[in-house]
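Because the structure is a prediction, the values reported are computed rather than measured. FYI, the numbering just counts along the sequence from 1.
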Amino acid sequence: MKQNKQRLLLINQSGRGGLRKHLCDLLRNIDYDLFEVWIAYNDAEVDDIFRETIKELTGKVNSISIDTFVRELDVIKDIKTYIQLSQLIKKIKPDIVHCHSSKAGVLGRIASKRRKIDKIFYTPHWYSFLSKEFSDKKVSFFISIERFLSLHATTKTFNTSYGEKEAALMNKIDLECKFKVIYNGLPEVKLPDKKDIRKELGIPKEAFLFGNSARISHQKNPFLFIEIANEVIKKNKSIHFLWIGDGPLMEEVKSKIHSLNILDNFHLIGSRDDSEFLVRCFDGFLSTSNGESFGYSAVEALRAGVPVLLSDVMGHNEVCVPYINGILFDQKSSVSEISNSVYNFIEWKKISNEKEIINSFNQRFSLDCMIEKIITEYGVS
């Protein structure tokens, strides 16, 4: 006898970057024989890839846009969003609600608990209390909210790294049994030729290129990236640096690069929908991030056979296997010391094995593994 489909409601405030990638991969590959899928989000807060994915899945995915669903704290808009989510849940009566990121995690879990949903799941995609730009008072407030909702309105939280899970346990968010680590997975893709990408981007074919693909924000620490680039370029003009992405610090970053007079060797190309393919032209993936729930871009580099040079922080230290697929450095070291890590990386790159780098991706970060683990936790088979 055929099993009835489970009604699954996904709630996410935005749809960009790693969050968008996770959701789009999930939506494209989930078994629609098992699930009737709804997704609630703010169309003004998603990118074109997210919109195209929803369009492709017309007839399979029921989408609801909530224009008051904003990232920042806005009491009036947050109340309106909560009311709309509560009404939506009442209407469709989902068997499972899965909330993605902090704002959706708060409003979605409260609305789901009020409507007596039995299965409420949450993926933070980086806890707000881990962000360094917030004051101690705000961090304490965020921890209190996460603790209350985990205890009273969450079946299980899916962490995308062990470091994120350990942070939750260390801050006494809930019991260990309430957390499950599920690495984000990536599908296999056909990558373009390295030479063709460099020609398009105007990168000399003989240059050693360090690249990053990330939002230009405090979390990603772009100014350390620039300082490292400046130190290295002053000594070796054959080394180039590239950053793919946009964000709130873009104008400050542009100004800094210009003031250092490194425009010939530093390429800032803004946001690109094909960033996961452009990484193929890197010789090394360099990230100075302050921390990651999961280093999506670094994993994309490994999939392309590109080794990684990463700050030794949460998330990164689970992606990098030292001297197998990359090297870690202490971001608290001086710029001069980190630059030495850059030179060591270039020397190690000469003897590294591209097959080993790709294998390090295949063994841990496949999309099939991610989806299987999520569906198992949903209790559907």
Side-chain angles (χ1 to χ4, degrees), residues 191-214 216 220-245 249-250 252-270 272 275-289 295 297-298 300-302 304-312 316 319-320 322-354 357:
L191 294 163
D193 185 83
K194 179 176 180 177
K195 292 179 182 177
D196 292 339
I197 305 173
R198 288 205 173 191
K199 184 177 180 180
E200 179 203 338
L201 298 179
I203 310 292
K205 62 181 180 180
E206 69 279 1
F208 194 102
L209 178 64
F210 284 101
N212 191 6
S213 176
I216 301 180
K220 306 301 181 179
N221 205 354
F223 295 107
L224 177 57
F225 186 96
I226 294 169
E227 289 172 11
I228 294 167
N230 182 51
E231 183 80 10
V232 171
I233 291 167
K234 283 190 299 185
K235 296 179 180 178
N236 192 331
K237 299 293 185 183
S238 69
I239 301 175
H240 286 236
F241 293 80
L242 181 147
W243 189 297
I244 306 168
L249 299 180
M250 174 61 100
E252 292 176 57
V253 162
K254 284 181 180 178
S255 177
K256 183 69 173 178
I257 295 167
H258 189 270
S259 69
L260 292 172
N261 196 27
I262 55 174
L263 292 170
D264 289 342
N265 287 64
F266 198 108
H267 312 270
L268 186 65
I269 66 171
R272 291 278 298 249
S275 60
E276 64 179 308
F277 302 105
L278 299 183
V279 71
R280 177 62 182 143
C281 81
F282 299 174
D283 292 298
F285 180 92
L286 170 62
S287 175
T288 51
S289 176
S297 296
E300 289 174 350
L302 300 182
V306 175
V308 295
L309 178 59
L310 308 176
S311 50
D312 190 359
H316 277 171
V319 170
C320 180
Y323 298 97
I324 298 296
N325 64 14
I327 294 175
L328 295 167
F329 65 88
D330 184 353
Q331 66 171 180
K332 294 179 182 178
S333 299
S334 67
V335 173
S336 178
E337 289 173 321
I338 298 173
S339 297
N340 288 334
S341 295
V342 170
Y343 301 127
N344 290 338
F345 179 91
I346 292 172
E347 290 304 309
W348 168 76
K349 171 71 163 57
K350 295 174 183 177
I351 60 171
S352 65
N353 187 312
E354 186 174 298
I357 294 167

query = What residues form a side chain to side chain donor-acceptor pair (under 3.5 Å) with Asp283, not counting sequence neighbours?
reply = Lys194, Arg198

note = Nearest heavy-atom contact between Trp348 and Gly326 is CH2-N, 3.4 Å

task = First locate atom CG of Leu260, then atom CD1 of Ile226, and finally report the distance between them rounded to the nearest 0.5 Å.
result = 7.5 Å

key: Residues which pass side chain to side chain donor-acceptor pair (under 3.5 Å) with Asn340, listed by chain and number, not counting sequence neighbours   = none

request  = Please examine the side chains of Glu252 and Phe223, heavy atoms only from C-beta on, and report whether any two atoms are closer than 4.5 Å.
outcome  = yes

query = When you look at OH of Tyr323, are more than 12 heavy atoms from neighbouring residues, nucleotides or ligands closer to it than 6.0 Å?
reply = no

query = According to the side-chain hydrogen bond (donor to acceptor under 3.5 Å, both in side chains) rule, which pairs have a member within residues 203-212, sequence neighbours left out?
reply = none

key: Taking every non-hydrogen atom, the tightest pair across Gln331 and Ser289   = NE2-O, 3.2 Å

request  = List for me each residue that meets side-chain contact (heavy atoms from CB on, under 4.5 Å) alongside Thr288, sequence neighbours excluded, and say none if there are none.
outcome  = Asn221, Leu224, Phe225, Ile228, Phe329

inquiry  = Within this structure, what is the CG-SG distance for the pair Leu302 and Cys320, rounded to the nearest 0.5 Å?
reply    = 8.0 Å

ask   = Can you tell if the side chain of Ser297 reaches within under 4.5 Å of the side chain of Val279, non-hydrogen atoms only?
value = no

task = Step through the shown structure and confirm whether more than 12 heavy atoms of other residues, nucleotides or ligands are within 6.0 Å of CG on Asp330.
result = yes

Between CD1 on residue Ile244 and CD on residue Glu276, distance to nearest 0.5 Å = 11.0 Å

request  = Report the distance from atom CG of Leu242 to atom CG of Leu286, rounding to the nearest 0.5 Å.
outcome  = 11.5 Å

request  = Answer yes or no: is there a side-chain heavy-atom contact under 4.5 Å between Ile357 and Val306?
outcome  = no

key: Qualifying residues under salt bridge (Lys or Arg N to Asp or Glu O under 4.0 Å), relative to Glu337, sequence neighbours excluded   = none

query = What heavy-atom pair brings Leu249 and Pro222 nearest, and what distance separates the two atoms?
reply = CD1-CG, 4.1 Å

query = Run the side-chain contact (heavy atoms from CB on, under 4.5 Å) check on Ile346 and Ile239 step by step: do they pass?
reply = CA-CA 10 Å; Ile346 292 172; Ile239 301 175; 3.6 Å; yes

task = Mind running side-chain contact (heavy atoms from CB on, under 4.5 Å) on Leu278 and Ser213 for me, showing each step along the way?
result = CA-CA 9 Å; Leu278 299 183; Ser213 176; over 6 Å; no

key: Partners meeting salt bridge (Lys or Arg N to Asp or Glu O under 4.0 Å) with Glu227 (sequence neighbours left out)   = none

With sequence neighbours excluded, residues passing salt bridge (Lys or Arg N to Asp or Glu O under 4.0 Å) with Lys350 = Glu347

ask   = Would you say the side chain of Phe285 lies within less than 4.5 Å of the side chain of Leu310, judging by non-hydrogen atoms?
value = yes

note = Here the gap from Ser238 atom OG to Leu209 atom CG, rounded to the nearest 0.5 Å, amounts to 11.5 Å

note = In this structure, CG of Asn344 is separated from CD1 of Ile338 (nearest 0.5 Å) by 12.5 Å

request  = Kindly write out the residues that satisfy salt bridge (Lys or Arg N to Asp or Glu O under 4.0 Å) with Lys254, not counting sequence neighbours, or none if the list is empty.
outcome  = Glu251

task = Take His258 and Leu263, measure what side-chain contact (heavy atoms from CB on, under 4.5 Å) needs, and give me the verdict at the end.
result = CA-CA 6 Å; His258 189 270; Leu263 292 170; 3.8 Å; yes

task = Identify, with sequence neighbours excluded, every residue that meets ring pair (Phe, Tyr, Trp, His ring centres under 6.0 Å) alongside Phe210.
result = Phe208, Phe241, Phe345

key: By side chain to side chain donor-acceptor pair (under 3.5 Å) - contacts of Asn325 (at least two apart)   = Ser360

ask   = When you check the side-chain N and O atoms of His316 and Ser287, is any donor under 3.5 Å from an acceptor?
value = yes

task = Please test Ile197 against Phe277 for side-chain contact (heavy atoms from CB on, under 4.5 Å), starting from the C-alpha separation and ending with a verdict.
result = CA-CA 9 Å; Ile197 305 173; Phe277 302 105; 5.6 Å; no

ask   = With sequence neighbours excluded, what pairs up with His240 under the ring pair (Phe, Tyr, Trp, His ring centres under 6.0 Å) test?
value = His267

note = Shortest non-hydrogen pair, Pro322 vs Leu328, comes out as CG-CD1, 4.3 Å

Set of residues satisfying side chain to side chain donor-acceptor pair (under 3.5 Å) with respect to Glu354, sequence neighbours excluded = none

